[in-house]
Amino acid sequence: MHPVQKATSLGISVLSGALATAVFRRLWMLSSGEDDAPDAEDMDRGWTEVLVAAGVQGAIFGVVRAAVHRASARTFRHRAIESRAGG
């Protein structure tokens with residue numbers, strides 16, 4: 001992997017994590033009416049609520065991360081092909 005691609009990938013990872021967190025918080029607020037999702041250490045919340053929140057958060061994070069990294073990889077590949085073709 002090219003050094004520029006590595007650095008860009010790191011930045012994209014940070015941004016995709018922030019995006020996934022924002023999407024999850026917004027979705028949780030819309031669906032539950034609460035500002036914060038349950039934390040695993042919050043003993044006032046039930047198992048179901050904690051595990052559902054963790055599962056939804058993980059799914060959103062995985063989808064956002066995969067989509068962002070896939071778009072990044074396609075962009076780098078497209079640029080590499082263009083540079084080899086001379087244009």
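Side chains included, hydrogens not; waters and symmetry mates left out as well; all remaining heavy atoms used. Counting begins at 1 with the first residue of the sequence.
- For residues 16-25, the set of pairs meeting the side-chain hydrogen bond (donor to acceptor under 3.5 Å, both in side chains) definition, not counting sequence neighbours, is empty.
- Every residue was checked against the side chain to side chain contact (heavy atoms under 4.5 Å, CB included) condition with D36, not counting sequence neighbours, and none meets it.
- Residues W47 make up the rest of the hydrophobic cluster containing L51, defined by ILVMFWY side-chain heavy atoms closer than 4.5 Å, directly or through other members.
- Remark: T75 pairs with no residue by the side-chain hydrogen bond (donor to acceptor under 3.5 Å, both in side chains) rule, at least two apart or across chains.
- Partners of R26 by side chain to side chain contact (heavy atoms under 4.5 Å, CB included), not counting sequence neighbours, listed by chain and number: M29, L30.
- Applying the side-chain hydrogen bond (donor to acceptor under 3.5 Å, both in side chains) definition to pairs two or more places apart or across chains, none involves residues 56-65.
- Grouped with F24 in one hydrophobic cluster are I12, L19, V23, L27, W28, V52, V56, I60, V64, V68, the linkage being side-chain heavy-atom contacts under 4.5 Å among Ile, Leu, Val, Met, Phe, Trp and Tyr residues.
- Sorted by first then second residue, the salt bridge (charged side-chain N to carboxylate O under 4.0 Å, His left out) pairs that include residues 43-62, not counting sequence neighbours, are E34-R45, D42-R45, R45-E49.
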